[in-house]
Amino acid sequence: MSTTTTADVEKEPSMILQKQMIGDHFHELARAKELGKKVVYTFVPGNLNELIWAFDMLPVHPEINALQSGMRKKSGAYIQEAEKAGHSEDVCTYVKCDLGMMKKGNIGPTGERLPAPDLLLLSYTGCFTFMKWFELLQREYGCPVAMLHVPYQGDGEITPAMKQYVVDQLRDSVIPLMEQVSGKKLDLERLKGFLGSSSRAEDDLCAIWDSAKHKPSPIDSYFGGVYYIGPIFSAFRGLPQAEEYYKSLRAEVDARVAAKRGPTTPDGELKDQKFRLVVEGPPNWTSFRDFWKMFYGEGAVVVASTYTKVGGLYDRGFRHDPANPLETMAEYCLGCYTNRNLPTRVDLIEKYIEEFAADGFVVNSIKSCNSFSAGQLLMLRELEKRTGRPGAFIESDLVDPRYFSGANIKNRLDSYFQMIDAKRASSPT
Amino acid sequence: MDLEAIVQRSEALFRDQDLSAVKEWKSRTGGKVIGFMPVYVPRELIHAAGALPVGVMGAGEHAEIIRGDAYFQSYICRIPRSTIELGVSGKLDVLDGFLFPAICDVIRNLSGMWKILFPQKYARYVDLPQDFGAAGRAFYRRELEGMAEDFTRLTGKAVTAEALRRSIKVYNENRRAIARLYDLRSEAPHLVPTWELYLILRAANVLEVTEHTKLVEAYAQAARQSKRPERDYVRVVVSGAFCEQPPLGLIRALESSGCYIVDDDWVLGARYLVEDVIEDGDPFDALIDAYATKTVSTASRYESTALKGKFLVEQVRSRRAEGVVFAAPSFCDPALLERPMLQAVLSEQGIPHTGFKYAENTGQIQSIKEETGTFADSIKLWGTA
Ligand code: SF4
Ligand code: SF4
């Protein structure tokens with residue numbers, strides 16, 4: 001989610017701003033010990049950023065390190081390092097990439113060493129592997145773990161008991177442990193301030209997602225979208241920098257809408273938008289640019305995606321509510337995309353296809369990720385049946401370069417685009 | 001019944017994909033049947049509503065997967081696809097409902113697939129808390145109450161406190177009988193070959209609990225009296241096979257490679273709780289307390305580093321095992337991510353270990369047998385692997 005790989009692209013102010021924010025953050029992390037700051041490792045989905053900031057601690061998100069390692073072509077070696085240390089080739093490569101990076105000195109994306117955690121904040125949303133991941137890290141670092149079990153929306157809804165359970169854990173175990181580690185009492189007013197800031201940034205982000213309803217779409221909600229979610233899914237939600245970033249991004253998008261311009265790709269503006277698509281599943285990071293090019297090179301623009309909702313479905317109405325700090329954090333954790341059951345995921349994608357007037361949808365099935373992948377073939381069938389629009393199923397991995405077969409994916413996508421064309425030609429307009 | 005007849009009956013139950021015994025129970029009693037996936041659900045609640053809990057552990061090596069593969073990518077374990085195969089081919093029609101406990105993302109997502117595929121059937125995701133303190137207990141109480149309400153609706157029979165206490169009692173008896181059988185196997189493993197014990201355990205998935213208890217006791221009695229020769233085998237604990245099950249042939253091969261299996265973690269549905277559930281007082285409290293504090297350690301339960309591996313080491317010590325064989329299904333994130341942590345603890349304690357992966361229909365039995373044989377030999381020769 002950094003802008004490091006788009007060096008030769010025409011830079012918009014929001015991109016420069018994001019790069020600056022990320023650079024500053026990693027720099028601060030590198031100096032955390034000398035600044036006397038405590039460091040919290042935590043996961044993206046259901047992260048409690050506002051709470052971390054309220055304790056003046058600094059967050060590190062291991063998945064972001066892993067995807068950065070993927071983009072910087074370092075993940076393959078890290079994964080091998082973890083496999084050499086006894087990890088199975090079958091398990092989630094984010095975990096192995098992170099463990100391998102740690103074993104190789106824990107050098108972050110800016111080339112500086114990341115500090116060891118003072119606390120592992122295991123907010124356990126939408127994926128069981130997270131739990132194992134931090135069990136593994138606890139063994140390595142020996143620091144305390146704050147466990148926050150977020151129940152799953154088995155029936156596709158958040159019940160009062162689920163919310164209460166999360167609130168109880170926050171109040172009775174997570175916050176007391178954070179107080180202990182940080183040496184500070186929780187200042188509720190400060191927390192509310194961060195939550196208010198989050199909701200303002202969330203408003204702007206939603207307007208950005210919504211802009212893809214325009215034709216041409218001024219954004220790419222998947223390949224471009226992963227940059228857009230960077231600040232809000234990672235360290236910056238709750239901070240003025242994030243508000244500023246989303247304001248600036250929104251202004252750029254508004255300007256593109258007014259000028260009827262398409263999104264910026266690594267090869268400049270996407271002008272001729274032939275296919276409007278919805279994408280389910282995370283992207284591949286090791287060949288991110290090649291992968292993106294398989295879409296924009298054929299005039300395909302992604303108008304909505306589910307991956308960009310793993311850190312919150314703001315577009316379905318959720319906003320952090322400063323008036324009810326614990327309840328709103330609970331609701332946020334419970335609502336992340338992979339914490340919703342399969343029928344709800346299908347409903348959501350169906351709505352995206354309709355609302356964004358998509359020609360079809362693509363499922364990128366990730367070998368590593370059972371949380372996303374188990375059930376996607378049924379999702380594909382259901383969606384084709386319900387929407388009458390064709391779906392494509394491709395397979396890759398997040399950060400394991402061994403599982404990215406560019407030629408296969410390109411072939412599949414090309415024939416998929418031809419199929420949409422053929423369908424169009426045969427159906428009366 | 002003599003030993004051979006008991007084992008034969010259990011093997012017939014194990015191989016019977018049509019769930020004839022369950023159908024027979026249903027037509028005899030007119031009761032409802034509720035299936036459940038591994039690892040654990042509180043079967044007492046189902047029983048207290050007058051229904052029969054039925055453990056579903058995939059289709060094993062028997063079924064040819066024709067349609068199930070169309071639902072899952074190649075990099076997902078076998079058990080969900082064979083379970084779907086059983087479902088779409090009508091072999092699970094006898095189930096009036098199906099429970100999917102919170103153990104991993106695959107079974108979790110399978111709960112939603114079931115809702116899509118079989119909308120007319122009752123399907124419930126059973127969320128097991130990972131917080132074992134007051135917050136988790138309060139949440140689990142709501143889960144239990146919610147299930148009790150569902151089962152009451154399904155069966156028309158209220159889950160009263162009294163009925164639940166009665167069910168707790170019969171399940172305690174069952175767990176004690178199984179625990180005694182495990183003790184016997186550990187004391188005299190030559191009298192209780194694991195493949196037989198395994199079949200007896202698997203019968204817990206389909207038999208009414210009191211009938212199963214009788215089966216376990218009859219088997220234990222017959223096994224105790226059998227005149228089987230003692231062999232110079234190495235005593236091992238098997239760990240990691242808590243969900244998708246190894247084929248029976250593989251279990252037999254492990255033994256014939258020179259290993260007495262003296263503890264294991266298969267069919268945990270019947271062995272998840274390691275102590276009696278309290279039989280008086282509020283039965284919901286008793287089930288909650290048992291879940292929070294009296295269970296095996298397994299990969300789907302959160303565990304801090306301080307506790308990691310303790311249960312396994314204790315198993316090794318109390319069963320006087322000489323090594324551990326890690327057996328995990330391919331692509332099983334929980335088991336395979338757990339393994340290196342457990343291995344590290346064992347190595348620190350000087351306990352030899354080896355490991356392999358399998359699928360429920362694996363054909364690689366010979367090579368696994370050779371590997372475990374080498375492991376057993378090296379322990380025998382040098383006391384280490
Ligand atoms: S399984 Fe998927 S969601 Fe879970 S940690 Fe791995 S990549 Fe992330
Ligand atoms: S075998 Fe492992 S990954 Fe597969 S369903 Fe069971 S616990 Fe989940």
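Reminder, nothing fancy here: chain letters follow the sequence lines and each chain counts from 1.
Residue Phe134(A): no heavy atom, backbone or side chain, is found under 4.5 Å from chain B. Using a 4.5 Å cut-off between heavy atoms, Leu380(A) makes no contact with chain B at all. Neither the backbone nor the side chain of Met379(A) comes within contact range of chain B, judged by heavy atoms closer than 4.5 Å. For Asn341(A), the part lying under 4.5 angstrom from a heavy atom of chain B is the side chain only. For Ser173(A), the part lying under 4.5 angstrom from a heavy atom of chain B is the side chain only. Of the two parts of Ala102(B), the backbone and the side chain both hold a non-hydrogen atom closer than 4.5 Å to a non-hydrogen atom of chain A. Within the 4.5 angstrom heavy-atom criterion, only side-chain atoms of Val346(A), from C-beta onward, approach chain B. Neither the backbone nor the side chain of Leu170(A) comes within contact range of chain B, judged by heavy atoms closer than 4.5 Å. In this structure, chain B has no heavy atom under 4.5 Å from any part of Val167(A).
Ile84(B) contributes atom CD1, which lies 7.0 Å from atom CG of Leu378(A) (distance to the nearest 0.5 angstrom). In this structure, Asp168(A) CG and Phe139(B) CZ are separated by 11.0 Å, a value rounded to the nearest 0.5 Å. Taking NZ of Lys367(A) as the reference point, atom CD of Gln73(B) lies at 11.5 Å (rounded to 0.5 Å). Atom CD in Glu135(A) sits 11.5 Å away from atom CZ in Arg301(B) (nearest 0.5 Å). Distance check, rounded to the nearest 0.5 Å: CD of Glu303(B) to CD of Gln138(A) gives 10.5 Å. Once rounded to the nearest 0.5 Å, the distance linking OG1 of Thr159(A) with CG of Asp127(B) reads 9.5 Å.
Counting heavy-atom pairs under 4.5 Å between each of Gln343(B), Arg142(B), Glu143(B), Glu338(B) and chain A puts Glu338(B) at the top. Taking Leu122(A), Thr344(A), Leu342(A), Val166(A) one by one and counting their heavy-atom pairs under 4.5 Å with chain B, the maximum is reached by Leu342(A). When Arg345(A), His149(A), Arg171(A) are compared by the number of non-hydrogen pairs under 4.5 Å with chain B, His149(A) comes out ahead. Put simply, of Gln164(A), Glu395(A), Glu382(A), the one with the most heavy-atom pairs under 4.5 Å next to chain B is Glu395(A). When each of Lys308(B), Lys357(B), Arg141(B), Arg124(B) is scored by its heavy-atom pairs under 4.5 Å with chain A, the top score falls to Lys357(B). No other option in Val106(B), Ile103(B), Thr305(B) has as many heavy-atom pairs under 4.5 Å with chain A as Thr305(B). Per-residue heavy-atom pair counts under 4.5 Å with chain B were compared for Ala161(A), Ala85(A), Pro144(A), Gly156(A), and the maximum is reached by Ala161(A). The candidate with the highest count of non-hydrogen atom pairs below 4.5 Å against chain B, out of Gly375(A), Ser373(A), Cys369(A), is Ser373(A). Counting heavy-atom pairs closer than 4.5 Å to chain A, the top residue among Ser330(B), Ala299(B), Gly146(B) is Ala299(B). By number of non-hydrogen pairs under 4.5 angstrom with chain B, the leading residue of Cys92(A), Gly86(A), Cys127(A) is Cys127(A). Among Ala70(B), Ser304(B), Ala138(B), Pro80(B), the residue making the largest number of heavy-atom pairs under 4.5 Å with chain A is Ala70(B).
At least one side-chain heavy atom of Asp155(A) sits less than 4.5 Å from a side-chain heavy atom of Lys115(B). The shortest distance between side-chain heavy atoms of Met131(A) and Pro334(B) does not fall below 4.5 Å.
Heavy atoms only, all atoms of each residue included: Asn109(B) and Ala374(A) are closest at ND2-O, 2.8 Å. When all heavy atoms are compared, the tightest approach of Tyr165(A) to Pro129(B) is OH-CB, 3.3 Å. Here the closest heavy-atom approach between residue Tyr75(B) and residue Ile366(A) is recorded as CE1-O, 3.8 Å.
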Could you walk me through whether Arg381(A) and Ile116(B) pass the side chain to side chain contact (heavy atoms under 4.5 Å, CB included) check? CA-CA 11 Å; Arg381(A) 276 202 233 168; Ile116(B) 292 174; over 6 Å; no
CA sep, side-chain torsions, deciding dist, call: Asp131(B), Met147(A), side chain to side chain contact (heavy atoms under 4.5 Å, CB included): CA-CA 8 Å; Asp131(B) 176 293; Met147(A) 165 61 141; 5.7 Å; no
Derivation and outcome, side chain to side chain contact (heavy atoms under 4.5 Å, CB included), residues Gln169(A) and Gln130(B): CA-CA 11 Å; Gln169(A) 292 174 84; Gln130(B) 297 290 357; over 6 Å; no
Under the side chain to side chain contact (heavy atoms under 4.5 Å, CB included) criterion, do Asn370(A) and Phe331(B) qualify, and how do the steps go? CA-CA 9 Å; Asn370(A) 286 344; Phe331(B) 306 109; 6.0 Å; no
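Other residues, nucleotides and ligands place no more than 12 heavy atoms under 6.0 Å from the CD atom of Gln364(B).
Ion pairing between Lys132(A) and Asp333(B) fails under the 4.0 Å rule for side-chain N and carboxylate O.
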